[in-house]
J.: 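Starting off with a structure, shown below.
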2 protein chains.
Amino acid sequence: MARERKFSTDELFQATKQLLLLQGYEGFTFSLLADDLNVSRGALYKYFDNKEELITDYMLYEMDRFLIELKQIESHRSFEAQFDYLLSLILSNTDIQKLINIGKQIQVGSNQKVKENKHKLEKLHIDMYHYLQNFITLGKEEQRLKSHIPDSLFLGYIFQSVAIPNHFGISPSVWVSSIKEIIRHGMFTNT
Amino acid sequence: MARERKFSTDELFQATKQLLLLQGYEGFTFSLLADDLNVSRGALYKYFDNKEELITDYMLYEMDRFLIELKQIESHRSFEAQFDYLLSLILSNTDIQKLINIGKQIQVGSNQKVKENKHKLEKLHIDMYHYLQNFITLGKEEQRLKSHIPDSLFLGYIFQSVAIPNHFGISPSVWVSSIKEIIRHGMFTNT
DNA sequence: ATTAAAAGTAACAGAAGTGTTACTTTTGGG
DNA sequence: CCCAAAAGTAACACTTCTGTTACTTTTAAT
């Protein structure tokens with residue numbers, strides 16, 4: 001009964017992601033997105049009332065996808081295996097932190113849908129910390145993680161590590177193994 | 001011969017910094033800045049042709065200030081002392097990385113002044129790496145830094161460390177000493 | 001007191017984003 | 001075949017930011 005859509009939800013979210021990373025929250029506009037999708041700006045308003053609603057919808061989609069992968073950390077029994085899994089997961093989702101930061105800039109207006117989305121996002125954020133907290137706790141139980149360091153610092157540290165710009169084009173294998181080495185035992189020699 | 005200015009260069013740059021951190025590059029406008037300074041928008045155009053020129057001017061000012069402090073790293077002889085100095089310097093300039101990232105978003109238009117400023121900024125950036133490279137080299141010479149880890153990763157790591165959000169309000173002293181501990185010897189126990 | 005330089009303002013026109021409305025196009029079930 | 005639902009468009013009114021111009025205000029040197 002209906003006409004065929006010119007773009008899929010997936011294409012829309014991919015374009016949204018690309019624009020957000022490139023232009024930032026304030027620089028993101030419906031015009032740019034519409035151009036990317038070869039569609040008129042008005043068409044987008046058929047699906048989203050405004051920028052906030054679109055972006056929070058996208059964030060939920062992205063966060064859902066990430067959490068499904070993160071959840072699998074529990075399928076690894078030892079701390080060491082979970083560590084490896086977490087690191088490679090984060091390294092293949094480098095954009096997530098940037099997007100989370102952009103998400104913080106979203107102002108909740110009067111729009112009800114946006115408020116709901118923000119609440120759902122907070123819930124997912126807590127879910128994320130839940131999985132990671134278990135990971136940290138396991139590490140301390142197995143006495144692999146230093147007991148006197150605050151949990152939140154461990155997590156922050158691991159997340160930040162992957163955001164280091166590889167500006168001089170070090171080969172990925174050297175880069176990743178170096179990062180793991182530093183996270184495990186630091187950059188100082190044992191003297 | 002001239003009327004007294006309603007704002008000093010310092011006030012202007014402070015307001016610019018605050019707005020940039022709060023609103024980001026795209027969200028920054030002359031209107032917001034003028035309001036902050038209790039001055040008309042037009043007045044700002046007496047000093048800067050456009051947003052790019054103002055922001056690059058500000059970046060130069062900020063970078064200059066930072067480099068003067070960084071330069072003093074050379075007054076410390078041992079690697080260990082330089083490490084302590086660098087860490088506390090970076091920890092008291094947490095905004096610098098955010099600002100550097102915002103700086104990357106600046107599009108060079110046709111404006112000649114902006115082109116010059118971007119060149120000067122690149123030069124200062126190289127100067128910064130020069131000082132830090134000496135620091136790394138010293139660390140490797142003193143055999144305090146692991147020799148098989150790429151230099152650029154050491155630097156990226158130290159800079160990223162201070163960007164970790166202290167979301168759960170760990171006390172500054174515990175926070176700082178924990179960060180230093182992790183940078184030095186990692187988060188794993190020695191087993 | 002005059003005056004010229006520097007500082008500041010108010011207002012205009014143009015560009016770009018937003019949200020809405022009235023319209024056209026496509027499509028498959030009856 | 002037709003027609004209603006969903007998709008899409010073009011255009012309008014509104015807002016905000018930009019850069020400029022013509023103007024007023026302050027100030028200190030003469």
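Chain letters run A, B, ... following the sequence lines, proteins first, then strands; residues in each count from 1. Given the structure is predicted, the values throughout are model-derived calculations rather than measurements.
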J.: Decide if atom NZ of A/K98 counts as having more than 12 heavy atoms of other residues, nucleotides or ligands within a radius under 6.0 Å.
T.: no
J.: Counting heavy atoms not belonging to A/H167, are there more than 12 under 6.0 Å from its NE2?
T.: no
J.: Fit a plane to each ring of B/F7 and B/Y47, take the angle between them on a 0 to 90° scale, and name the class: parallel (under 30°), tilted (30 to 60°) or perpendicular (over 60°).
T.: perpendicular
J.: Rounded to whole Å, please give me the gap between CZ in B/R5 and P in C/dG8.
T.: 7 Å
J.: Within 45 degrees of the axis of the six-membered ring of A/F13 and under 6.0 Å from its centre: does A/R65 put its NZ or CZ there?
T.: no
J.: Looking at B/Y47, does any N or O in its side chain come under 4.0 Å of the phosphate oxygens OP1/OP2 on C/dG8?
T.: yes
J.: Using a 4.5 Å cut-off on heavy atoms from C-beta on, say whether the side chain of A/S88 contacts that of A/K180.
T.: no
J.: Heavy atoms under 4.0 Å, any strand shown: does B/F48 hit a base, just sugar-phosphate, or nothing?
T.: nothing
J.: Give the rounded distance in Å between these two atoms: CG of A/L37 and P of D/dA7.
T.: 15 Å
J.: Over how many whole Å does the gap from A/E53 atom CD to C/dG19 atom C1' extend?
T.: 13 Å
J.: Within a strict 4.5 Å, meaning less than it, do heavy atoms of the A/N93 and A/E69 side chains meet?
T.: yes
J.: Which of residues 10-22 of chain A have a heavy atom under 4.0 Å from DNA chain D?
T.: none
J.: Calculate the interatomic distance between A/L33 atom CG and C/dA16 atom C1'; express it in whole Å.
T.: 16 Å
J.: D/dA6 C1' sits how many Å from A/K6 NZ, rounded?
T.: 15 Å
J.: Nearest-Å distance, CD (A/Q23) to P (C/dA16)?
T.: 14 Å
J.: Summarise how protein sits on nucleotides 17-30 of chain D as a single string, 5' to 3': B when a protein heavy atom is under 4.0 Å from the base, S for sugar-phosphate-only contact, - for no contact.
T.: SBBB----BBBS--
J.: May I ask you to check whether A/K120 and A/N117 show a side-chain donor-acceptor distance below 3.5 Å?
T.: no
J.: A/E26 CD to C/dG17 C1': how many Å, rounded?
T.: 12 Å
J.: Within 45° of the ring axis of A/Y25 and under 6.0 Å from its six-membered ring centre, is that where the NZ or CZ of A/K51 lies?
T.: yes
J.: Does atom CD of B/E80 have more than 12 heavy-atom neighbours, drawn from other residues, nucleotides or ligands, at distances under 6.0 Å?
T.: yes
